[in-house]
Peer 1: 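Just dropping this structure here.
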Amino acid sequence: MRLTGSTIVLTGATSGIGRATALQLAALRPRRLVVHGPQPPDEVSGLVGELSAAAGRAGDVVYLPADYGVLGDVAALASAVRAACPEGVDLLVNNAARPGPRTRTLTADGHEATWQTNYLAPVALTTLLLDAVGAGRAGRIVNVASATHFSAELRLDDLELAGPGYSPASAYARSKLALVTWSCRLAGHRPRPTVDVVCAHPGVIATPLLHAMFSIGGDTPEHAAGNLLAVARADDDNGTYYDERRPATPNPIALDSVAQELLDQLTRRALAPVLPAATA
């Protein structure tokens, strides 16, 4: 995909990997760069200024706030993206994520917080924008995953870890396994053959998210951003899971068609309050 001159939506763009990715995308002079974060606009005016300066006259930078802990905010974000991108979206990068909290925590919507932010929210946003992605030309959806998904199990009878065994790392890993599984299913049910759906592990990156769960070092956010841009530029790879820039085989659970369908059914049930009846 050619990123220069494209309309791009990037979630989780105000810190860590997302911020570094936003700056690299802006430097490519997109037609429009829509960036999302949880902060009110006045708190990220400096970043928006940096992005606008990098994009120059060829770019149009729009910041849209939304709290992924509130599914109604995600639905409002989808509507705001449509308003900001009447020509459609060429590239959607679902990067927003959180570490698992120390103890199991529920959102106002009644879902485990990690599950909602890392899985339900990006699925809702993507579903609500499916007809806008690639409208008029080729489109691409990049879901940012994690190699931790290899350590997870997709327990369909307890997706939100209500039973024993909760830990921050297990909540995070399960949410990413679900995202990879859902991405693989969507790739097989894409709305148009011109829309590619891929997911990518951006690397082990030294960010507050990593250090909230693991006592290890990592590469820079700029390294991860470079990986994501390489994946965003790739072609003819619908359904591919990337380990940084290399196509790889994901957790076998993600490729199981029965698991994909059951997860999709449970997900649509959970998102019914914010999805139109035809999609829910």
Side-chain angles (χ1 to χ4, degrees), residues 1 3 6-13 30-36 62 64 66 68 70-97 115-145 175-176 178-200 228 231-232 234-242 254 257 260-280:
M1 168 175 279
L3 300 181
S6 294
T7 297
I8 302 169
V9 176
L10 170 66
T11 70
R31 176 182 181 180
R32 182 168 292 108
L33 176 60
V34 177
V35 291
H36 151 266
V62 178
L64 298 176
Y68 269 25
V70 180
L71 289 175
D73 270 23
V74 181
L77 174 62
S79 296
V81 168
R82 287 180 177 279
C85 308
E87 72 283 0
V89 175
D90 300 310
L91 172 65
L92 169 62
V93 182
N94 284 307
N95 168 73
W115 181 256
Q116 178 163 321
T117 297
N118 298 2
Y119 176 65
L120 291 178
V123 169
L125 181 67
T126 302
T127 302
L128 291 167
L129 292 177
L130 269 182
D131 63 324
V133 177
R137 60 175 178 173
R140 191 164 179 78
I141 298 167
V142 177
N143 291 326
V144 180
S175 70
K176 291 299 184 178
L179 187 61
V180 175
T181 304
W182 188 82
S183 299
C184 291
R185 184 195 181 278
L186 182 60
H189 296 76
R190 52 184 173 167
R192 294 172 298 283
T194 53
V195 177
D196 287 337
V197 183
V198 301
C199 48
L228 292 180
V231 170
D235 292 309
D236 300 322
D237 61 345
N238 182 53
T240 299
Y241 169 79
Y242 285 91
S257 60
Q260 290 177 6
E261 293 305 317
L262 290 173
L263 175 64
D264 185 66
Q265 291 173 22
L266 293 168
T267 301
R268 289 179 182 276
R269 190 179 305 164
L271 293 177
V274 295
L275 295 184
T279 59

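Residues take their numbers from the sequence shown, with the count starting at 1.
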Peer 1: Using only atom types and a distance under 3.5 Å, with no angle test, would you say the side chain of Q116 pairs donor to acceptor with the backbone of A121?
Peer 2: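 No.
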Peer 1: Would you name the heavy atoms of A270 and P273 that are closest together and state the gap between them?
Peer 2: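 That closest heavy-atom pairing would be O-CD, 3.5 Å.
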Peer 1: Does the Q260 side chain pair with the main chain of A254, one donor and one acceptor, at a distance under 3.5 Å?
Peer 2: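 Checked: pair present.
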Peer 1: Could you give me the CA-CA distance, side-chain angles and deciding distance for L186 and L130, then say whether side-chain contact (heavy atoms from CB on, under 4.5 Å) is met?
Peer 2: CA-CA 10 Å; L186 182 60; L130 269 182; 4.2 Å; yes
Peer 1: So, taking the atom named OG1 in T11 and the one named CG in L64, what distance separates them when rounded to the nearest 0.5 Å?
Peer 2: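 If I round to the nearest 0.5 Å, the distance is 11.5 Å.
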Peer 1: With side-chain contact (heavy atoms from CB on, under 4.5 Å) as the criterion, how do R137 and T194 come out once you've worked through the C-alpha distance, each side chain's angles and the decisive distance to 0.1 Å?
Peer 2: CA-CA 7 Å; R137 60 175 178 173; T194 53; over 6 Å; no
Peer 1: Please check: side-chain N/O of N95 versus main-chain N/O of V144, any donor-acceptor pairing under 3.5 Å?
Peer 2: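 Side chain of N95 to backbone of V144, a donor-acceptor pair under 3.5 Å: no, none is there.
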Peer 1: Given L92 and V142, is the side-chain contact (heavy atoms from CB on, under 4.5 Å) satisfied, shown in steps?
Peer 2: CA-CA 6 Å; L92 169 62; V142 177; over 6 Å; no
Peer 1: If you round to the nearest 0.5 Å, how far is CG of D264 from NE2 of H189?
Peer 2: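 Interatomic distance, H189 NE2 to D264 CG, rounded to 0.5 Å: 8.0 Å.
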Peer 1: At their closest point, which heavy atom of D131 faces which heavy atom of A135, and how far apart are they?
Peer 2: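 Residues D131 and A135, closest heavy atoms: O-CB, 3.9 Å.
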Peer 1: Would a distance-only check, ignoring hydrogens and angles, find a side-chain to backbone donor-acceptor pair under 3.5 Å from D235 to M1?
Peer 2: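 It does hold such a pair.
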Peer 1: What's the spacing between D90 CG and T7 OG1 if we round to 0.5 Å?
Peer 2: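 Result: 5.0 Å between the selected atoms.
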Peer 1: Does the side chain of N238 reach to within under 4.5 Å of the side chain of V197, using non-hydrogen atoms?
Peer 2: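 Result yes, sub-4.5 Å side-chain heavy-atom pair found.
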Peer 1: Let me confirm one number: the CG-OH distance from L228 to Y242, rounded to the nearest 0.5 Å.
Peer 2: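 Answer rounded to 0.5 Å: 12.0 Å.
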Peer 1: How many angstroms lie between CG in L120 and CG in L266, if you round to the nearest 0.5 Å?
Peer 2: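 If we round to the nearest 0.5 Å, L120:CG and L266:CG are 10.5 Å apart.
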Peer 1: For the residue pair C85 and V34, what are the closest heavy atoms and their distance?
Peer 2: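 Closest approach of C85 to V34: SG-CG2, 3.6 Å.
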Peer 1: Could you go through the side-chain contact (heavy atoms from CB on, under 4.5 Å) check for T181 and Y119 one step at a time?
Peer 2: CA-CA 10 Å; T181 304; Y119 176 65; over 6 Å; no
Peer 1: Does the R82 side chain pair with the main chain of L128, one donor and one acceptor, at a distance under 3.5 Å?
Peer 2: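 Yes: the side chain of R82 pairs with the backbone of L128.
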Peer 1: Locate the shortest heavy-atom distance separating A96 from Y68; write the atom from each residue and the value.
Peer 2: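 Minimum heavy-atom separation between A96 and Y68: CB-CE2, 3.7 Å.
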Peer 1: Give a yes-or-no answer on whether the side chains of S183 and Y241 include a donor-acceptor pair shorter than 3.5 Å.
Peer 2: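 There is no such pair between these side chains.
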Peer 1: R140 side chain to A232 main-chain N or O, any donor-acceptor pair under 3.5 Å?
Peer 2: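 Yes, because the side chain of R140 sits within donor-acceptor range (under 3.5 Å) of the backbone of A232.
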Peer 1: Ignoring hydrogens, what is the shortest heavy-atom contact between P193 and R190? Give both atom names and the distance.
Peer 2: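 Minimum heavy-atom contact is O-NH1, 3.1 Å.
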Peer 1: Drop me the distance from T267's OG1 to L262's CG, to the nearest 0.5 angstrom.
Peer 2: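 Taking OG1 in T267 and CG in L262, the distance rounds to 10.5 Å.
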Peer 1: Is any side-chain heavy atom of L91 closer than 4.5 Å to one of S6?
Peer 2: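 When only atoms from C-beta onward are counted, L91 and S6 do not touch, as no gap falls below 4.5 Å.
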Peer 1: Quick one: does any side-chain atom of R32 pair with a main-chain N or O of A84 as donor and acceptor, under 3.5 Å?
Peer 2: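 Yes, R32 side chain to A84 backbone: donor-acceptor pair under 3.5 Å.
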Peer 1: Under the side chain to side chain contact (heavy atoms under 4.5 Å, CB included) test against I141, which residue among N94, V198, D196 passes?
Peer 2: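 Answer after filtering N94, V198, D196: N94.
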Peer 1: What closest approach, in Å, do A178 and L263 show between heavy atoms, and which atom pair accounts for it?
Peer 2: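 Shortest heavy-atom contact: O-CD2, 3.6 Å.
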Peer 1: Do the non-hydrogen side-chain atoms of L271 and T127 ever get within less than 4.5 Å of each other?
Peer 2: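 Contact flag for L271/T127 side chains = no.
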